[in-house]
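Below is one structure; the comments refer to it alone.
Fair warning: this is a prediction, and the values are worked out from it, not measured in the lab.
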Amino acid sequence: MRVAGVDGVPGGWVVVRLAPVRWDVVVSAAEVVALTAGCDAVAVDIPLAVPVSGWRPCDGLAAARLGRARSSIFPAPPLPVLQAASHAEAVAVARRLTGKGISIQTWNIRRQILDWLSVDLPPTVVEASPELAFRGLLPGDFASKKTARGVGRRLAALGTWVSPSVFAELPAGARLDDCLDALACAWTAERVAAGEVEMLGGELGADGRVMRIAAPVVGGG
């Protein structure tokens with residue numbers, strides 16, 4: 001079984017493929033799709049489908065599963081919000097279409113979302129949440145991934161699944177927390193390939209894309 005996990009980095013994407021282990025940093029979503037063409041499943045930490053108006057049900061479902069960590073889920077805004085010329089304009093459009101503005105954090109990843117919306121996706125590519133994956137690997141509370149405690153717990157979670165040798169050749173151009181998130185997504189991809197996930201959501205969004213997030217079944221292996 002070959003799987004891959006993908007997370008955003010400044011200016012592109014970090015991709016980890018298993019097995020064998022291979023790390024890459026690429027600039028575009030199209031490059032990720034080409035790089036992972038031989039994989040049985042690919043899990044990406046980015047919205048792969050967005051609504052025309054309103055909010056995505058899958059984001060609410062994922063946030064509910066995370067409980068106190070629900071703030072790690074950034075609700076994906078409607079497509080017209082992402083196409084706005086400025087954050088101020090995006091806030092105004094979001095309020096008109098959803099009744100609520102969008103955060104600067106969401107605005108700052110709009111180009112990454114639009115990058116994925118611009119490519120044709122094979123059925124092997126799914127959207128994932130690293131935080132759902134970490135809790136599937138090691139149930140319990142996780143501190144912020146920006147803290148030593150948070151990093152340690154995430155390493156411990158991944159250590160229940162992969163050998164420490166996977167960290168031997170981390171790529172330049174990717175931060176440690178991005179690499180850990182990519183690995184967590186790869187675990188979700190493995191669960192997808194094994195049929196051990198629940199697909200949260202399923203509604204149609206802009207351009208007929210299905211809005212859903214792959215949630216690993218806890219205890220699935």
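A 4.5 Å side-chain heavy-atom check between L114 and L117 finds at least one atom pair inside the cut-off. Within the 4.5 Å cutoff, the side chain of V6 has no heavy atoms near those of the D45 side chain. Residues E190 and D40 are not in side-chain contact: their nearest non-hydrogen atoms beyond the backbone lie 4.5 Å or more apart. Within the 4.5 Å cutoff, the side chain of V33 has heavy atoms near those of the W116 side chain. Taking 4.5 Å as the limit, every side-chain heavy atom of V50 sits out of range of all side-chain heavy atoms of P78. For the pair L35 and V26, the minimum side-chain heavy-atom distance is below 4.5 Å. Between I102 and V81 there is a side-chain heavy-atom pair separated by less than 4.5 Å. Looking at heavy atoms from C-beta onward, L66 lies out of side-chain contact with R68 at the 4.5 angstrom threshold.
Using modelled atom types and a 3.5 Å distance limit, the side chains of S103 and T106 yield a donor-acceptor pair. Side-chain polar atoms of E89 and S86 form no donor-acceptor pair below 3.5 angstrom. W13 and D115 share a donor-acceptor pair across their side chains, judged by distance under 3.5 Å alone.
Atoms CZ and CZ, on R22 and R17 in that order, are 5.0 Å from each other to the nearest 0.5 Å. Residue L18 holds its CG atom at 8.5 Å from SG of C39, rounded to the nearest 0.5 Å. The CD1 atom of I213 sits 4.5 Å away from atom CG of D59, with the distance rounded to the nearest 0.5 Å. Note that OG1 of T188 and CD of E196 are 11.5 Å apart. Values are rounded to the nearest 0.5 Å. I104 CD1 to I109 CD1: the interatomic distance, rounded to the nearest 0.5 Å, is 11.5 Å. Atom SG of C58 sits about 10.5 Å away from atom CZ of R212, to the nearest 0.5 Å.
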Ignoring hydrogens and angles, write down the donor-acceptor pairs under 3.5 Å from the side chains of residues 121-133, residues two or more places apart or on other chains.
unit_1, atom_1, unit_2, atom_2, d
E127, OE1, L48, N, 3.1
E127, OE1, R56, NH1, 3.0
E127, OE2, R56, NH2, 2.7
S129, OG, E131, N, 3.4
S129, OG, L132, N, 3.3
E131, OE1, R135, NH1, 2.7
E131, OE1, R154, NH2, 3.0
E131, OE2, R154, NH2, 3.3

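The two residues C179 and W23 make their nearest non-hydrogen contact at O-CH2, 3.5 Å. Across every non-hydrogen atom of G54 and P51, the tightest pair is O-CG, 3.4 Å. The shortest heavy-atom contact between A4 and T36 is CB-CG2, 3.8 Å. Between G12 and Q112 the shortest heavy-atom distance is O-NE2, 3.8 Å. Here the closest heavy-atom approach between residue R70 and residue A63 is recorded as CB-O, 3.3 Å. A41 and A189 get closest at one heavy-atom pair: CB-O, 3.3 Å.
The hydrophobic clustering, which links ILVMFWY residues whose side-chain heavy atoms are closer than 4.5 Å, places L155 and F142 together. V166 and L158 end up in the same hydrophobic cluster when Ile, Leu, Val, Met, Phe, Trp and Tyr side chains are linked at under 4.5 Å. Residues L61 and V217 fall into different hydrophobic clusters, defined by Ile, Leu, Val, Met, Phe, Trp and Tyr side chains chained together at heavy-atom separations under 4.5 Å. Hydrophobic clustering (side-chain heavy atoms under 4.5 Å, transitive across Ile, Leu, Val, Met, Phe, Trp, Tyr) groups F134 together with V162. Clustering ILVMFWY residues whenever any of their side-chain heavy atoms sit less than 4.5 angstrom apart, transitively, puts W55 in the very cluster that holds L97.
Aromatic ring orientation, W187 versus W161: perpendicular (interplanar angle above 60°, classes split at 30° and 60°).
With respect to the salt-bridge test (charged N to carboxylate O, under 4.0 angstrom), the residues R209 and E203 do not qualify. For the pair R153 and D141, the salt-bridge criterion is not met [side-chain N within less than 4.0 Å of a carboxylate O].
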Exercise for the section: Determine, stepwise, if the pair L79 / V52 fulfils side-chain contact (heavy atoms from CB on, under 4.5 Å). Expected result: CA-CA 6 Å; L79 182 58; V52 175; over 6 Å; no
Handout entry: Test log, rule side-chain contact (heavy atoms from CB on, under 4.5 Å), inputs V3 and V42
Key = CA-CA 6 Å; V3 298; V42 182; over 6 Å; no
Exercise for the section: Evaluate side-chain contact (heavy atoms from CB on, under 4.5 Å) for R65 paired with L200, printing each intermediate quantity in order. Expected result: CA-CA 10 Å; R65 293 199 175 197; L200 304 180; 3.6 Å; yes
Practice task
Would you please test D24 and V14 for side-chain contact (heavy atoms from CB on, under 4.5 Å) and show each step?
Solution key: CA-CA 6 Å; D24 294 279; V14 59; over 6 Å; no
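In this structure, D178 contributes its side chain and A174 its backbone to no donor-acceptor pair below 3.5 Å.
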